[in-house]
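Here is the structure we will look at.
Keep in mind that what you see is a predicted model, and the values were worked out from it rather than measured. In listed order, ligands and their atoms are each counted from 1.
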Amino acid sequence: MSEPLESDPSLLVVVLDVNASSWAKSPLTVGNALQQMVIFINAYLALKSENGLAVLACNRRECRCLYPPSRASPAIERDIRVYEQFRVVDARVLAGVQAMLSGAEDIVGDPNKGIEECQTPMSQALSKALCHIHRVSESTSAKVWPRILVLSAADDSPREYIALMNTIFAAQRMGVLIDICKVFGRDSVFLQQAAEITGGNYLKVDTAGHESMLQTLMFTCLADHYTREILVSPTKEMIDFRATCFCHKRVVDIGYVCSVCLSIFCQVAPICSTCQTKFSFRIVRADSAQINGNLKGSPRSGAATVAMSTLSLA
Ligand SMILES: [Zn+2]
Ligand SMILES: [Zn+2]
């Protein structure tokens with residue numbers, strides 16, 4: 001892949017998590033977060049006139065493209081006091097999020113809401129973002145450097161582990177950086193992995209402690225590919241690389257890996273539920289010294305190494 005030049009334009013896809021249930025618990029209101037995000041987007045557009053932009057918003061039920069608007073979208077009134085591109089983006093994003101939030105009010109009022117209310121299908125949004133990036137890259141002859149910025153307030157959804165990991169590896173293959181800005185709640189294991197694998201930044205903003213989301217975004221996520229090679233990115237803390245089992249969608253310390261399709265399971269099973277391969281129960285006596293050596297050599301894939309040596313193919 002060629003090296004980024006200072007003059008190369010960027011393509012930024014902003015993914016906004018507007019799940020009303022998770023924002024309801026956040027010390028930072030969704031309106032306030034959105035205002036800061038719009039300022040960040042304006043700053044990004046002002047950096048270079050060729051910079052491309054797309055904004056997606058997703059909640060528990062749907063994922064909408066707010067910008068660029070579809071042809072059927074109603075025109076926005078002109079205002080000579082505001083720079084035309086800023087005005088169009090701001091109006092589309094604010095109106096789009098407002099429409100999604102008002103449509104989700106009935107869900108928030110439901111007293112029987114469960115844990116999954118606070119989860120957002122992020123894989124859907126990231127897939128859409130990658131499709132948009134692919135389409136734009138194919139339609140232009142100039143080199144464009146793509147990246148995705150995710151504003152997340154929701155918890156991880158273990159059910160979408162497989163879909164999300166597939167999206168993350170697709171992004172890595174396409175050379176798309178994924179920056180994550182997590183404003184509330186526990187750290188997201190999946191999104192941490194997304195940032196680490198694609199070379200982006202994972203930022204946890206302490207909004208309860210009056211840390212400024214806008215300031216964090218400006219200092220870390222505004223820089224393009226060229227500038228990032230010069231800047232020192234924020235120190236990466238310990239990242240949890242544990243996998244989630246395909247059977248119960250639980251994070252596992254030690255798993256069993258199908259030697260054919262590499263699906264991960266938390267228990268030994270006679271048949272792989274993903275590829276239907278039958279295993280024999282002939283347990284290979286693993287040399288404990290070898291296992292220890294493997295664990296020391298590659299801590300990230302330690303669990304998988306143990307598992308592959310205990311299951312043998314029929
Ligand atoms: Zn399981
Ligand atoms: Zn399998």
Side-chain angles (χ1 to χ4, degrees), residues 17 19 21-22 58 60 112-127 130 150 152 154-174 178 180 182 185-198 202 238-288 290-314:
D17 166 10
N19 185 334
S21 302
S22 32
C58 59
R60 203 164 60 87
N112 299 320
K113 55 185 180 184
I115 297 168
E116 293 196 4
E117 294 278 338
C118 296
Q119 298 171 349
T120 306
M122 197 48 76
S123 59
Q124 215 182 85
L126 289 179
S127 306
L130 290 179
V150 179
S152 166
D155 295 332
D156 278 337
S157 169
R159 279 190 188 179
E160 61 160 5
Y161 173 72
I162 304 166
L164 193 57
M165 289 315 285
N166 285 339
T167 331
I168 294 168
F169 288 121
Q172 184 193 33
R173 204 177 162 85
M174 290 167 69
I178 301 182
I180 308 290
K182 185 90 168 71
R186 285 171 299 190
D187 272 323
S188 161
V189 175
F190 298 166
L191 294 181
Q192 273 184 330
Q193 294 187 17
E196 177 68 21
I197 291 169
T198 58
Y202 178 87
M238 287 287 286
I239 293 172
D240 189 350
F241 274 103
R242 283 180 303 169
T244 301
C245 72
F246 285 31
C247 38
H248 305 94
K249 318 295 179 202
R250 280 197 306 246
V251 177
V252 289
D253 290 324
I254 294 182
Y256 298 87
V257 180
C258 170
S259 47
V260 177
C261 69
L262 302 182
S263 295
I264 301 160
F265 302 101
C266 58
Q267 307 159 342
V268 180
I271 298 173
C272 170
S273 58
T274 309
C275 67
Q276 310 304 322
T277 301
K278 290 179 185 166
F279 303 110
S280 77
F281 282 98
R282 201 160 36 85
I283 304 294
V284 178
R285 187 177 291 278
D287 179 357
S288 59
Q290 186 194 341
I291 290 175
N292 289 338
N294 283 339
L295 282 172
K296 274 180 204 158
S298 58
R300 289 178 187 178
S301 58
T305 318
V306 177
M308 289 182 88
S309 59
T310 56
L311 272 183
S312 65
L313 197 60

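- In this structure, the side chain to side chain donor-acceptor pair (under 3.5 Å) partners of S123, at least two apart in sequence or on a different chain, are E160.
- Using a 4.0 Å cut-off between charged nitrogen and carboxylate oxygen, D187 and K182 do not count as a salt-bridge pair.
- Rounding to the nearest 0.5 Å places CE of M165 at 4.5 Å from CD of Q193.
- For the Zn ion (ligand 1), the count of nearby protein N/O/S atoms, taking only those under 2.8 Å, is 4.
- Here the straight-line distance linking atom CD1 of I180 with atom CG of L191 works out to 4.5 Å at 0.5 Å rounding.
- The structure places CG of L164 at 9.5 Å from OG1 of T244, a figure rounded to the nearest 0.5 Å.
- Note: L126 CG to L130 CG = 6.5 Å, rounded to the nearest 0.5 Å.
- Protein atoms that are N, O or S and lie under 2.8 Å from the Zn ion (ligand 2) are these: C258 SG, C261 SG, C272 SG, C275 SG.
- In this structure, the side-chain contact (heavy atoms from CB on, under 4.5 Å) partners of C245, at least two apart in sequence or on a different chain, are C247, H248, R250, V252, C266.
- Distance CD1/I178 to OH/Y202: 13.5 Å, rounded to 0.5 Å.
- Taking OG of S188 as the reference point, atom CG of D17 lies at 10.0 Å (rounded to 0.5 Å).
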